[in-house]
Structure formats: structure tokens, C-alpha cells
Amino acid sequence: MNDQSKPDLDDSKAPLIEHLIELRQRLLWSVAALTVAFLISIFFADQIFGILVQPLTDAFPAGEGKLIYTKLYEAFFVEIKVAMFAAFFLAFPIISNQLWAFVAPGLYANEKKAFLPFLIATPVLFMAGASLAYFVVMPTAFKFFLGFEGPVGGLRQEALPAMGDYLSLVMQFILAFGVCFQLPVLLLLLNRAGIVTRKQLTGMRRYMIVAAFALAAILTPPDVVSQLMLGIPLVLLYESSLVIMWFTERRKKREIVSP
């Protein structure tokens, strides 16, 4: 007879060795998905890199601008990096699904219900941050950087970005914005776990604003435009997290008062 006093936890109380075998299987599926995604991405590496180059193309005057490579092998390794970068995004749904399938049996039904929104919000917020970087921040920053072209001391100062340096810069922008946009997920998880409260976070507001701009200065190139474009959204995301916590607290109070 089932014990009705306990929440509905999955019946899989497997010994440690079985969990390790399952973890290995999940990892193998994840590696396989990443490998297949890489093989697909390497075939379209030129087109993917063309998409990543578009903000720089638009920043240059029409018909001008070029990418160079100063090492014979640089263009080849740029394509490998582009394929790996794209493969991660293609394989992420499968990798996250394997992670969820491994963790979910150990969660109670109410824990699954509470955790699922965070699982959905993570890729959505990452794509929002990456989109902000690609469509707004990078074009603005590149136009700012290219503004230094022109005559200097009787010589012409010209921007000749190398392929590898440009790809590293683009990846830095996309990853920095994508990861930093996970701030609400982190804060709400800490709040739900009881590690921090809304009152504590509200009291730390001034320090978090300073920390947001300090983090932006570390993760973005050393120009004020990029730093502001990351620091300001981080502050807004922090405030949004406090608002969500306030609504959550109100709902819990109503549930307690209601019969």
C-alpha cells in the first residue's frame, strides 16, 4: 500500500551504481547530440560566420571594409570555432532535456512544478541577451570603433580586423549578454530556496548597481557604450526580479489567508 502522507516522488530509488550508469548514458547522448550538431554546423560554417560578420559589414561604409587573417591556419580554426559555437546552441535543447530527465525522478511533483518555469526561462533569457548584443550593442559599438578611422599625422588610419580577433569579440559579446541575462533566474532561485529575501535584496540595491556596472566593465570591451548597454539592462533585470518576488509574496499571503 502506498503511503499517502508522502508527496508523489518517483518510485525509482536505484542504488548509486545505477544512477552512475544512467548519468553516463545521459552524458553520452549529450556528447552525441553535440557531435552531430558540430558536423552539421561545420558544413554551414561559412554561412554562420557570414551572419556573425553582418553587424561589422553594416558598420563599414557600403562596399568598404575587409576581414584579414595574418596566420595561414587562422581561417581554418575560425571555421572550427564557429561550428563549435553554433553546435552548442543547436544541441542545447537536447542537453538540457537529458539533464532534466536525470534530475526529475528525484524531485517531488511540487518541486518539478516550481523548477520547470526556470528551465524554460533560462534559454529564453539567454536568447534575449544574445539578441540585444547582436542587433543593438554590436552595431553601435562597431560604429564607435570605426569612427577612429581617418588621417593621423599625414597617414591614413584604417581598421583591418583579423578574423580570429573579430570572432572572439563577437563570442564575448553574445556570451556576456546571454549569461548576464540569467540574473533573474539566479535571484529567484536563491529567493525560492530561502537563501536571500526580497527585503535583503532591496537593501543591497545600491551595491548591486555598482556591481552590475563593474561586471559590465569586465565582460565587455573597454568602451563606455558597451558597458552602459550591459550595465543598464542588468539593473533593470535586478529590479524586475524584485517586482516578481513582490507579486509572489502577495500571492502566498492570499493563499494563506484564503480558506
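Any value given below was found using the heavy atoms of this structure, including those in side chains, with hydrogens, waters and symmetry copies removed.
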In terms of hydrophobic clusters joined by side-chain contacts under 4.5 Å, are [X] and [Y] together?
X: Leu189; Y: Leu125; result: yes
X: Ile68; Y: Phe60; result: no
X: Met204; Y: Val210; result: no
X: Met171; Y: Val179; result: yes
X: Leu215; Y: Phe177; result: yes

Practice task
Please test Ser41 against Leu90 for side-chain contact (heavy atoms from CB on, under 4.5 Å), starting from the C-alpha separation and ending with a verdict.
Solution key: CA-CA 9 Å; Ser41 299; Leu90 288 176; 3.5 Å; yes
So for atom [atom1], which belongs to [X], do other residues, nucleotides or ligands contribute more than 12 heavy atoms lying within a distance under 6.0 Å?
X: Tyr69; atom1: OH; result: no
X: Phe118; atom1: CZ; result: yes
X: Arg206; atom1: CZ; result: no
X: Trp29; atom1: CH2; result: no
X: Leu160; atom1: CG; result: yes

Handout entry: Main-chain N/O of Gly164 paired to Glu74 side chain as donor or acceptor, under 3.5 Å
Key = yes
Practice task
Could you tell me whether the side chains of Gln227 and Asp223 share a donor-acceptor contact shorter than 3.5 Å?
Solution key: no
Atom pair [atom1] ([X]) and [atom2] ([Y]), whose distance is rounded to the nearest 0.5 Å:
X: Gln200; Y: Arg205; atom1: CD; atom2: CZ; value: 14.0 Å
X: Thr57; Y: Ile51; atom1: OG1; atom2: CD1; value: 12.0 Å
X: Leu146; Y: Glu158; atom1: CG; atom2: CD; value: 10.5 Å
X: Glu79; Y: Leu167; atom1: CD; atom2: CG; value: 11.0 Å
X: Ile42; Y: Met84; atom1: CD1; atom2: CE; value: 10.0 Å
X: Met138; Y: Gln54; atom1: CE; atom2: CD; value: 10.5 Å

Practice task
Considering only Ile, Leu, Val, Met, Phe, Trp and Tyr, and joining two whenever side-chain heavy atoms are under 4.5 Å apart, list the other residues clustered with Val235.
Solution key: Ile209, Phe213, Val224, Leu228, Ile232, Leu236
Handout entry: Tyr73 and Phe77 aromatic ring geometry - parallel, tilted or perpendicular at 30°/60° bounds
Key =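 Geometry flag for Tyr73 against Phe77: perpendicular rings.
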Exercise for the section: Indicate the ring-plane relationship of Phe85 and Phe89, choosing parallel, tilted or perpendicular according to the 30° and 60° boundaries. Expected result: perpendicular
Where [X] and [Y] come nearest, the two heavy atoms and their spacing:
X: Ala133; Y: Pro139; value: O-CD, 4.2 Å
X: Ala216; Y: Leu230; value: CA-CD2, 3.7 Å
X: Pro221; Y: Gln172; value: N-NE2, 3.9 Å
X: Leu237; Y: Cys180; value: CD1-O, 4.2 Å
X: Val185; Y: Ala121; value: CG2-CB, 4.2 Å
X: Met245; Y: Leu188; value: CG-CD2, 3.7 Å

Fill in the blank from the handout: Those residues at least two apart in sequence (or on a different chain) that pass side-chain contact (heavy atoms from CB on, under 4.5 Å) with Tyr166 are Phe49, Val53, Pro55, Leu56, Leu67, Phe142, Val170
Beyond-backbone contact of [X] with [Y], side-chain heavy atoms, under 4.5 angstrom:
X: Thr122; Y: Gln182; answer: yes
X: Glu149; Y: Gln157; answer: no
X: Leu201; Y: Asn191; answer: no
X: Phe181; Y: Leu234; answer: no

Practice task
Dump the intermediate steps for side-chain contact (heavy atoms from CB on, under 4.5 Å) on Thr248 and Arg251, then the final yes or no.
Solution key: CA-CA 5 Å; Thr248 303; Arg251 187 187 64 188; 4.1 Å; yes
Exercise for the section: Decide side-chain contact (heavy atoms from CB on, under 4.5 Å) for Ile95 and Leu99; before the verdict, give the C-alpha distance in whole Å, the side-chain angles of both, and the deciding distance to 0.1 Å. Expected result: CA-CA 6 Å; Ile95 295 173; Leu99 176 62; 5.7 Å; no
